[in-house]
Amino acid sequence: MLLSVERMGLLQRFKSFLYQQMVKYQVILYLLPMLQPFAKYFAGTGSKGNHRITDKSGKSFPVCKLNGKLFPAFGLGRLQTIPDVSIRRDDVLLGGYPKTGCHWVHEILHMLVNGKSELTKYGKGLGGMIDAIPDIILDSLSSPRVLNSHMLYDDLPKGVKEHRTKIVITVRNPKDTVVSFYNHVRNLEEFYTYTGEFNDYFDLWIEGNVDYGSYFDFYLSWDELLKNPERHPVLLVKYEDIKAQPMENIKRIAQFLEVDVTDEFVAEIVEKTSFNSMKSKRAKDMSAKLFRKGKVGDWRNWLSEEQSEAIDKQWQKKMQGCIYQPHYNE
Ligand code: A3P
């Protein structure tokens with residue numbers, strides 16, 4: 001009995017030693033390019049969801065349901081361990097509801113904190129998506145890291161509060177966001193397997209019956225922090241603003257991060273993170289389909305008058321006093 005306890009302890013120590021060495025020498029990052037061609041075989045959600053969302057025509061997709069909240073089918077195992085994800089002092093965290101420009105802003109942040117105008121090797125997902133990526137990859141990433149998540153503040157890793165990690169939240173007008181989210185869910189076929197129509201998806205989305213829940217509740221909850229900056233350093237970045245005035249907005253982000261930048265460097269970031277530049281860099285990646293149109297105002301091609309009004313009504317009902325107010329005069 002004593003021997004087996006001793007053996008277990010030894011095994012545990014060996015495992016932890018192996019983990020530390022793998023992380024230190026970034027072994028997994030070297031293996032990733034070799035594993036990437038097989039990624040599509042792992043992308044199917046199958047057993048990773050514990051719940052299905054069904055639209056009114058009977059079309060459905062798998063999700064994870066945890067403590068009453070809905071998440072993509074990343075697996076309960078991952079979602080339950082998020083509070084314990086290890087956070088470093090110099091980490092930056094990117095938040096934002098899905099489809100509000102997170103991949104774009106992730107690259108901007110990465111360039112700013114690393115002082116290099118180069119797109120990341122793997123993009124936002126493998127580059128620090130804490131909701132889905134295993135700890136061994138996150139722990140192997142070099143500092144300064146730009147971690148990212150679509151979680152609410154209270155569901156983020158505990159270390160974010162402890163270190164007062166700087167948080168950048170992206171926001172995009174809700175009408176373009178729902179269009180982009182629908183296309184996301186349809187285009188990631190292996191992951192969602194959803195074949196529903198836009199009108200049916202819209203009804204789910206406006207009720208918050210989708211992964212990561214209601215857009216409105218999401219921004220309502222972050223609004224609390226934006227109005228109380230002494231609680232936590234949070235910066236809100238609007239998709240439409242970066243589109244219209246990229247230089248000014250990148251400088252605003254740099255100021256928040258306390259990073260000194262020159263006009264030349266910011267101009268390089270603007271060029272390297274243009275939609276076309278990012279789309280071509282990711283052309284062969286799993287994320288390729290996420291670079292769809294990259295425009296402001298595509299909702300006019302998708303939403304009926306009633307759907308547009310339904311969003312306006314939700315806004316009036318829930319979001320009147322919020323700092324962020326969308327505008328649609330693109
Ligand atoms: P569309 O589906 O409207 O094209 P996220 O990164 O949060 O998933 O958001 C994805 C949306 O941002 C997609 O919108 C995508 O095309 C757009 N996007 C990605 N990179 C962009 C860039 N460099 N410039 C502008 N939009 C970009």
Side-chain angles (χ1 to χ4, degrees), residues 71-72 74 93-112 117-120 122-133 146-151 167-189 191-192 194 198 201-202 205 210-213 215 218-219 222 236-247 249-250 253 266-283 285-303 311 324 326 328 330:
F71 301 98
F74 294 143
L93 188 92
L94 168 69
Y97 190 78
K99 314 321 294 171
T100 55
C102 305
H103 286 76
W104 187 15
V105 176
H106 179 262
E107 296 293 345
I108 293 174
L109 292 174
H110 203 270
M111 290 182 188
L112 286 172
S117 54
E118 280 168 22
L119 290 172
T120 56
Y122 300 115
K124 179 178 97 75
L126 290 170
M129 170 59 155
I130 60 181
D131 309 1
I133 301 300
V146 181
L147 300 177
N148 61 87
S149 170
H150 300 297
M151 296 281 166
I167 304 179
V168 174
I169 295 289
T170 51
V171 67
R172 184 183 195 183
N173 80 65
K175 298 179 188 178
D176 279 333
T177 303
V178 61
V179 171
S180 185
F181 212 162
Y182 170 69
N183 281 285
H184 169 99
V185 171
R186 284 299 307 262
N187 289 339
L188 295 184
E189 293 148 8
F191 189 76
Y192 283 99
Y194 179 61
F198 176 72
Y201 181 83
F202 181 92
W205 182 88
V210 293
D211 33 346
Y212 292 114
Y215 167 104
F218 181 91
Y219 287 107
W222 282 102
L236 189 72
V237 175
K238 302 177 202 167
Y239 181 97
E240 294 81 6
D241 284 358
I242 333 175
K243 267 270 175 206
Q245 296 184 303
M247 291 282 291
N249 280 283
I250 293 173
I253 302 172
V266 175
E268 277 172 34
I269 297 182
V270 173
E271 193 203 316
K272 294 281 173 55
T273 60
S274 72
F275 180 74
N276 288 338
S277 152
M278 284 184 58
K279 190 180 168 86
S280 69
K281 168 84 178 176
R282 304 285 170 224
D285 292 6
M286 295 249 306
S287 65
K289 291 174 180 168
L290 307 186
F291 298 91
R292 192 183 63 94
K293 279 196 175 174
K295 296 225 158 86
V296 176
D298 189 36
W299 65 270
R300 294 185 194 280
N301 300 315
W302 290 80
L303 267 66
I311 290 183
Y324 170 69
Y328 300 104
E330 62 277 343

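Each residue takes its place number in the sequence, starting with 1. As the structure lists them, so they are numbered: ligands from 1, and atoms in each ligand from 1. No experiment lies behind these values; they were computed from the predicted model shown.
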*Asks:* Looking only at non-hydrogen atoms, find the nearest pair between I130 and L93 and report the distance.
*Replies:*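 Minimum heavy-atom separation between I130 and L93: CD1-CD1, 4.3 Å.
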*Asks:* Within the structure provided, determine whether I311 and L303 are in side-chain contact (heavy-atom separation under 4.5 Å).
*Replies:*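 In short, these two side chains touch, coming nearer than 4.5 Å.
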*Asks:* Report yes if some heavy atom in the side chain of H106 is under 4.5 Å from a heavy atom in the side chain of M129; otherwise report no.
*Replies:*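 Not touching, per the 4.5 Å side-chain cut-off.
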*Asks:* When you compare ligand 1 with R292, is there at least one nitrogen or oxygen pair between them that comes in under 3.5 angstrom?
*Replies:*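 By distance alone, the answer is yes.
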*Asks:* Please find the pair of heavy atoms, one from G95 and one from T170, that lie closest to each other, and give the distance.
*Replies:*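 Between these two residues, the closest heavy atoms are O-OG1, 3.4 Å.
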*Asks:* Nearest 0.5 Å, please: how far is CE in M151 from OH in Y212?
*Replies:*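 Taking OH in Y212 and CE in M151, the distance rounds to 5.0 Å.
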*Asks:* Between Y192 and D211, do the side chains contain a donor N or O and an acceptor N or O under 3.5 Å apart?
*Replies:*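 Yes, Y192 and D211 have a side-chain donor paired with an acceptor closer than 3.5 Å.
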*Asks:* Going by ring-ring contact (aromatic ring centres under 6.0 Å, His included), Y215 matches just one of W222, F202, Y97. Which one?
*Replies:*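 Looking at W222, F202, Y97, the match for Y215 under the ring-ring contact (aromatic ring centres under 6.0 Å, His included) is Y97.
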*Asks:* Give the atom numbers and elements of ligand 1 that come within less than 4.0 Å of a heavy atom of M278.
*Replies:*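 Numbered from 1, ligand 1 contributes 23 (N).
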*Asks:* Can you find a heavy atom in the side chain of K293 that is under 4.5 Å from one in the side chain of V179?
*Replies:*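 Contact flag for K293/V179 side chains = no.
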*Asks:* Side chain, backbone, both or neither: which part of V179 has a heavy atom under 4.0 Å from ligand 1?
*Replies:*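 Looking at V179 and ligand 1, no heavy atom falls under 4.0 Å.
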*Asks:* Go through ligand 1 atom by atom and flag the ones less than 4.0 Å from a non-hydrogen atom of F291.
*Replies:*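 Selected atoms, number and element: 16 (O), 19 (C), 20 (N).
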*Asks:* Does ligand 1 come near enough to T100 that some N or O of the ligand is less than 3.5 Å from an N or O of the residue?
*Replies:*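 Yes; the residue has a nitrogen or oxygen that sits under 3.5 Å from a nitrogen or oxygen of the ligand.
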*Asks:* Specify the protein heavy atom at minimum distance from atom 15 (C) of ligand 1: its residue, its atom name, and the distance to 0.1 Å.
*Replies:*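 The answer is L290 O, 3.3 Å.
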*Asks:* Quick check on contacts: which atoms of ligand 1 are under 4.0 angstrom from a heavy atom of S274?
*Replies:*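 Once the distances to S274 are compared, the set is 23 (N).
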*Asks:* Tell me the protein heavy atom at minimum distance from atom 23 (N) of ligand 1, and give that distance in Å.
*Replies:*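 Answer for atom 23 (N) of ligand 1: T273 O, 2.9 Å.
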*Asks:* Nearest protein heavy-atom contact for atom 14 (O) of ligand 1: which residue, which atom, what distance?
*Replies:*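 Ranking protein heavy atoms by distance from atom 14 (O) of ligand 1, first comes R172 NH1, 3.2 Å.
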*Asks:* May I ask you to list the atoms of ligand 1 that are less than 4.0 angstrom from any heavy atom of K293?
*Replies:*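 Close to K293: 4 (O), 16 (O).
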*Asks:* Which one holds for K272 and ligand 1: side chain close, backbone close, both close, or neither close, with close meaning a heavy atom under 4.0 Å?
*Replies:*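 The answer is neither; K272 stays 4.0 Å or more away.
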*Asks:* Rounded at 0.5 Å granularity, tell me how far CD1 in I253 sits from CG in L109.
*Replies:*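 Those atoms lie 6.0 Å apart.
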*Asks:* For atom 26 (N) of ligand 1, what is the nearest protein heavy atom, given as residue, atom name and distance?
*Replies:*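 The answer is Y239 OH, 2.7 Å.
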*Asks:* List the closest protein heavy-atom neighbour of atom 7 (O) of ligand 1: residue, atom name, distance to the nearest 0.1 Å.
*Replies:*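 Here the nearest protein heavy atom works out to C102 N, 2.8 Å.
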*Asks:* Taking only Lys NZ, Arg NE, NH1 and NH2, and the carboxylate oxygens of Asp or Glu, determine whether E107 and R282 approach each other closer than 4.0 Å.
*Replies:*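 The answer is yes: the pair qualifies as a salt bridge.
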*Asks:* Which protein non-hydrogen atom lies closest to atom 8 (O) of ligand 1, naming both residue and atom, and how far is it?
*Replies:*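 Going by distance alone, atom 8 (O) of ligand 1 is nearest to K99 NZ, 2.8 Å.
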*Asks:* Nearest protein heavy atom to atom 1 (P) of ligand 1, by residue and atom, and its distance?
*Replies:*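 Protein heavy atom at minimum distance: S180 OG, 3.4 Å.
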